[in-house]
Amino acid sequence: MSNVVEINFDGIVGPSHNYAGLSLGNLAATKNAGDTSYPRAAALQGVAKMRHNMAMGLAQGFFLPLPRPDTGWLEELATDDTTDPALVAGAWSASSMWTANAATVSPASDTADGKCHLTVANLVTMPHRSHEWPDTLRQLKLAFADGDRFAVHSAVPPTFGDEGAANHMRLTPSHGEKGLEVFVYGRPGGRFPARQHEQASRIIARSHGLDLEHTLFVEQAPEAIAAGAFHNDVVAVANEGVLFTHEQAFADPSGTYAAIAAKCPGAQVVEVPASAVSLADAVSSYLFNAQLLTPPSGEMTLVVPEECRENGAVWTWLQAMLEGNGPIRHVKVVDVRQSMANGGGPACLRLRVVADPATVDHRFMLDKDKASLVESVVSQYWPETINTAQIGDPALADTVQTARGKLLEALDLTELL
Ligand code: SUG
């Protein structure tokens, strides 16, 4: 019997996790540039979050860190002693941990051929992320190899920037039913780069065989991007019949809500007004970069980072929300501080795939025992700290490569070596 559910695939934080300050427009990453990172703690925080969500009865998968440093990319760039250190750091980035940027996913119930479609994101706007996709694609092709159920697409042409599910939302009465897919794009010309190109979203919608009656293309508010919402998932998140959004997320909020109401009757919008939580507070706390989840109990739960509890305006608003009789019934807090310091919250760390877990390569699915295995490899092999002056060091490169190799061996995924 088919058991179609939402599976969250979290990126295991790679052993080269560092703070090189590579992402213009990502305020946390820029602010923490040059700080010492804690890759071991970062990866353990990520596994703890996965355990937390599994304990709610939810299906959990994972993706592996990509090979770093990416020596092939450095060769392509003809690097030598004169090379900008930011490019070298780009080859070391552990940014694939943010799997919301791995791909855009359209569940089988939304597509013309009845398969779940995934398009790997080209991530071309940021050089350090632009070389993720070929290795991510290899992983997607392995995890979703069942061609009767999944169609895995290569990246859209690089002239159109695509950042994957971070700019894509889905509204539906329940995960397995046909949904309204909402693509959110930015317009260039503002203070910071607009990473998601409208045409990239439209290409994906066409190649996934989406029904245009059940698809929306929405412009992100330029002021949100200027305030540090480099992806839409920094200011909005959807789950089943609920859109949880900041008042200033979209260029035309009321038009967007009306279009959603017309195309997905019954959908509820939980809008947080700027008077209660400013864009600046939303961006620094990552209130909307929460995981909005439906556990088996059916009580919708918002999984927020610790930083939300530390922000008075945000925490006050959340308490008031819980006291009201809204659709979001619980708020849970997780510690993903190492990822947060690079601008990646709970929602950045996961890619949602609606499918029967039995149809996914079981090696990418997590249970408690496998979580313990990952924790033991991380504890033994992940560097405890990295400071940015160490980036490029051959001994550290060796440590990072060995650590990843040990994880792949432990998980029986050495074909990704
Ligand atoms: O692309 N940070 C990532 C954070 C991605 C968050 N993802 C979502 N919002 N879905 C980014 O900006 C930091 C890189 C550095 O400076 O080392 C970085 O890439």
Side-chain angles (χ1 to χ4, degrees), residues 3-10 49-61 100 105 107 109-110 165-166 168-182 184 232-247 249-250 256-257 260-261 263-273 276-277 282 285-309 311 314-334 336 345-355 357:
N3 168 36
V4 172
V5 294
E6 177 181 276
I7 312 168
N8 282 272
F9 287 84
D10 281 42
K49 172 170 93 77
M50 290 192 259
R51 280 188 181 278
H52 175 271
N53 290 348
M54 281 194 298
M56 284 196 270
L58 296 162
Q60 184 67 53
V105 186
S109 48
D110 297 355
H168 175 255
M169 304 183 293
R170 187 167 178 266
L171 288 147
T172 172
S174 71
H175 291 307
E177 289 177 65
K178 189 170 173 110
L180 168 65
E181 299 206 10
V182 183
V184 187
N232 174 63
D233 69 3
V234 174
V235 279
V237 60
N239 175 58
E240 294 193 325
V242 175
L243 169 65
F244 178 52
T245 180
H246 191 270
E247 182 185 4
F250 308 112
T256 301
Y257 307 154
I260 288 174
K263 287 176 180 267
C264 186
Q268 283 177 272
V269 178
V270 178
E271 185 195 68
V272 181
V277 175
S285 68
Y286 266 36
L287 168 61
F288 300 93
N289 201 263
Q291 284 186 265
L292 189 53
L293 299 162
T294 311
S297 68
E299 301 205 333
M300 212 178 276
T301 301
L302 192 70
V303 177
V304 299
E306 280 285 1
E307 285 75 357
C308 286
R309 184 148 53 188
N311 183 304
V314 167
W315 198 244
T316 303
W317 193 88
L318 283 173
Q319 300 317 306
M321 176 191 79
L322 289 175
E323 279 159 26
N325 203 19
I328 303 173
R329 303 307 317 141
H330 303 281
V331 172
K332 297 201 173 175
V333 182
V334 290
V336 287
C348 299
L349 285 161
R350 61 91 178 98
L351 182 70
R352 294 181 283 188
V353 178
V354 172

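Quick caveat: nothing in here was measured; it's all calculated off a predicted structure. Along the sequence shown, residues carry numbers from 1.
One finds the CG atom of Leu243 at 5.0 Å from the CD1 atom of Ile260 (value rounded to the nearest 0.5 Å). Between Leu287 atom CG and Trp315 atom CH2 the span is 10.5 Å, to the nearest 0.5 Å. Atoms CE and OG1, on Met321 and Thr316 in that order, are 13.0 Å from each other to the nearest 0.5 Å. Leu180 CG to Lys263 NZ: the interatomic distance, rounded to the nearest 0.5 Å, is 7.0 Å. Taken from CG in Leu58 to CE in Met50, the straight-line distance is 13.5 Å, to the nearest 0.5 Å.
Shortest non-hydrogen contact noted between Ala276 and Trp317 is CB-CD1, 3.6 Å. Residue Asp110 comes nearest to Gly179 through the heavy atom pair OD1-N, 2.7 Å, listed as atom of the first residue, atom of the second, then distance. Nearest heavy atoms, Pro357 versus Ala59: CG-CB, 4.3 Å. When every heavy atom of Thr172 is checked against every heavy atom of Lys178, the shortest pair comes out as OG1-O, 3.2 Å. Minimum interatomic distance between Ile7 and Ala355 (heavy atoms only, all atoms of both residues): CD1-O, 3.8 Å.
Considering only residues two or more places apart in sequence or on other chains, Phe9 meets the ring pair (Phe, Tyr, Trp, His ring centres under 6.0 Å) condition with Phe63, Phe144. For Glu271, the side chain to side chain contact (heavy atoms under 4.5 Å, CB included) criterion is met by Thr245, Glu247, Tyr257, Val269, not counting sequence neighbours.
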Legend entry - side-chain contact (heavy atoms from CB on, under 4.5 Å) between Gln60 and Asp10, intermediate numbers included: CA-CA 8 Å; Gln60 184 67 53; Asp10 281 42; 2.9 Å; yes
Inset, instruction - Please lay out, stage by stage, how Asn289 and Cys348 fare under the test side-chain contact (heavy atoms from CB on, under 4.5 Å). - result: CA-CA 7 Å; Asn289 201 263; Cys348 299; 3.2 Å; yes
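Taking 4.5 Å as the limit, some side-chain heavy atom of Phe250 sits within range of a side-chain heavy atom of Asn232. Counting heavy atoms from C-beta on, the side chains of Cys308 and Val333 never come closer than 4.5 Å. Arg352 has its side chain out of reach of Pro107: every pair of non-hydrogen atoms, C-beta onward, lies at least 4.5 Å apart.
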Please tabulate, for the side chains in residues 290-307, all donor-acceptor contacts under 3.5 angstrom to protein atoms that are two or more places apart in sequence or on a different chain.
from, atom 1, to, atom 2, distance (Å)
Gln291, OE1, Lys49, NZ, 2.6
Gln291, OE1, Asn53, ND2, 3.0
Gln291, NE2, Asn8, OD1, 3.3
Thr294, OG1, Asn239, ND2, 2.8
Thr294, OG1, Glu240, OE1, 3.0
Ser297, OG, Glu299, N, 3.2
Glu299, OE1, His330, NE2, 2.5
Thr301, OG1, Glu299, O, 2.9
Glu306, OE1, Arg309, NE, 3.4
Glu306, OE1, Arg309, NH2, 3.1
Glu306, OE2, Arg309, NH2, 3.1

